[in-house]
K.L.:
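Questions regarding the structure given below will be posed in turn.
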Amino acid sequence: MKSPYIAKRHWDFEEAALSKTNEMVKRYEDVIDLSIGDPDYPADKGCIDKMHEEALAGHTRYTEFLGDEDLRRETIKQYKEDYGFDFDEDEIIITAGGTHAMYLTMEAILDEGDEVIAIAPYYIYYQPQIELPRGKLVVYNTRSEDNFDVDLAEFEKHITSRTKAVIINSPNNPSGKVYSPENVRGILEMAEKYDFLVIADDIYGALNYTDNKKAICSYEERPKRVITIYSYSKDYSMTGLRLGHVIADKELIATMRRVNEAVNFTINSMSQRLGIAAIKGRKEIQKGLYDEYHKRVMYLYERIQRMKNITCTKPEGTFYVFANIKATGINSMDIWEKILDEAHVLVLPGSGFGEAGEGFIRIACTVGIDTLKEAFDRLEKMEIFK
Ligand SMILES: Cc1ncc(COP(=O)(O)O)c(C=O)c1O
């Protein structure tokens, strides 16, 4: 029974699979937690020192509503250098991470009943992010047999007169998939044809292990149809910093700014100053992260090749390994519990990421190789993987 004080539209919100992990991790004393995507890689010390310095120098007050001017300028310079993509200072708003960026985006673009297509397997929180501003989630399920590629003809069938946007998250959480230029171009062409927006959730942009590193925004000359969501959480290993941005057409950004003045007013000023240092040092900082996560996902990839009833394709991005467990004959919710009870290892069930994720488990490589080794030594002892 819900409290009568809670608005009725919140009564039916389902708890995401992720929310249960807080209790599950306490089930045994020696649980190895490979569930949540909160990386252990240390935040860059030089950036933290700089943030401290900047705070002492007085950067502890409200910033401009669109975000610290220096940070916006540095971000413009970065996109130009890295992707050859140009935008103006009023085409970006600094946010408190990717979650807040997505919330502002949805609030700015959705009328009641407008539809947003998520390409599954997809990041679980897209559902409430779309539903909170009264939108409707439409799931397009890719197929593991097709390596999670988008079948453009199938995708097109999900477009209706209410389609307002599609989210492309590449590299993808949970699958690590990097969508091909043909897929991205095909979706952009459909966006033109049917007049909807393309939201690029680029928060794992620096953890792309393929040669296909072109940012989705740079398929356009300037921000028009593409809205870019970015976060420092994963690419800089600073989940607690709560820093990110949205890049979009300036009318959309002006709307997000108006919304945000009522939601967050302005973003943490010290985080924003740290952001400037992070961008300046990005080549070095991200090389360390990239090498470490690549090493970890490749370690798991190689171990999985030697096991029974579990497979995975070569990791393309992120720090997740999305492993196929269909050969065990056990569904992903049950195997999630079984792995916890028998091996004391906590992963996430693939079905929590949409129907396309059924038959998979997501393993977050947010611990060092030694702990991953221990986790897989335990998994290997399970009867189903012998
Ligand atoms: C695909 C994707 N988008 C957005 C987020 C939100 O991250 P944050 O709010 O920390 O930037 C996450 C976090 O795991 C994610 O995996």
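Just follow the structure's listing: the first ligand is 1, and inside any ligand the first atom is 1.
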K.L.:
Are D111 and R162 close enough for a salt bridge, meaning some N to O gap below 4.0 Å?
P.N.:
no

K.L.:
List for me each residue that meets side chain to side chain donor-acceptor pair (under 3.5 Å) alongside R222, sequence neighbours excluded, and say none if there are none.
P.N.:
D88, E91

K.L.:
Using a 3.5 Å cut-off on N/O to N/O, what pairs does ligand 1 make with the protein? A line per pair would be great.
P.N.:
{"from": "ligand 1", "atom 1": "3 (N)", "to": "D201", "atom 2": "OD2", "distance (Å)": "2.7"}
{"from": "ligand 1", "atom 1": "9 (O)", "to": "G98", "atom 2": "N", "distance (Å)": "3.4"}
{"from": "ligand 1", "atom 1": "9 (O)", "to": "T99", "atom 2": "N", "distance (Å)": "2.9"}
{"from": "ligand 1", "atom 1": "9 (O)", "to": "T99", "atom 2": "OG1", "distance (Å)": "2.6"}
{"from": "ligand 1", "atom 1": "9 (O)", "to": "R242", "atom 2": "NH2", "distance (Å)": "2.8"}
{"from": "ligand 1", "atom 1": "10 (O)", "to": "S233", "atom 2": "OG", "distance (Å)": "2.6"}
{"from": "ligand 1", "atom 1": "10 (O)", "to": "R242", "atom 2": "NH1", "distance (Å)": "2.8"}
{"from": "ligand 1", "atom 1": "11 (O)", "to": "G98", "atom 2": "N", "distance (Å)": "2.6"}
{"from": "ligand 1", "atom 1": "11 (O)", "to": "S231", "atom 2": "OG", "distance (Å)": "2.6"}
{"from": "ligand 1", "atom 1": "11 (O)", "to": "S233", "atom 2": "OG", "distance (Å)": "3.3"}
{"from": "ligand 1", "atom 1": "14 (O)", "to": "K234", "atom 2": "NZ", "distance (Å)": "2.8"}
{"from": "ligand 1", "atom 1": "16 (O)", "to": "N173", "atom 2": "ND2", "distance (Å)": "2.7"}
{"from": "ligand 1", "atom 1": "16 (O)", "to": "Y204", "atom 2": "OH", "distance (Å)": "2.7"}

K.L.:
Could you tell me whether R72 and E64 have a side-chain N and a carboxylate O separated by less than 4.0 Å?
P.N.:
yes

K.L.:
Quick one: hydrophobic cluster around Y301, which other residues, with the 4.5 Å side-chain cut-off, linked directly or via members?
P.N.:
M298

K.L.:
In plain terms, say whether E380 and R303 are close enough for a salt bridge, that is, a side-chain N and a carboxylate O under 4.0 Å apart.
P.N.:
yes

K.L.:
Which residues pass the side-chain contact (heavy atoms from CB on, under 4.5 Å) test with V150, not counting sequence neighbours?
P.N.:
I119, Y140, T142, L152, F155, Y179, N183, I187

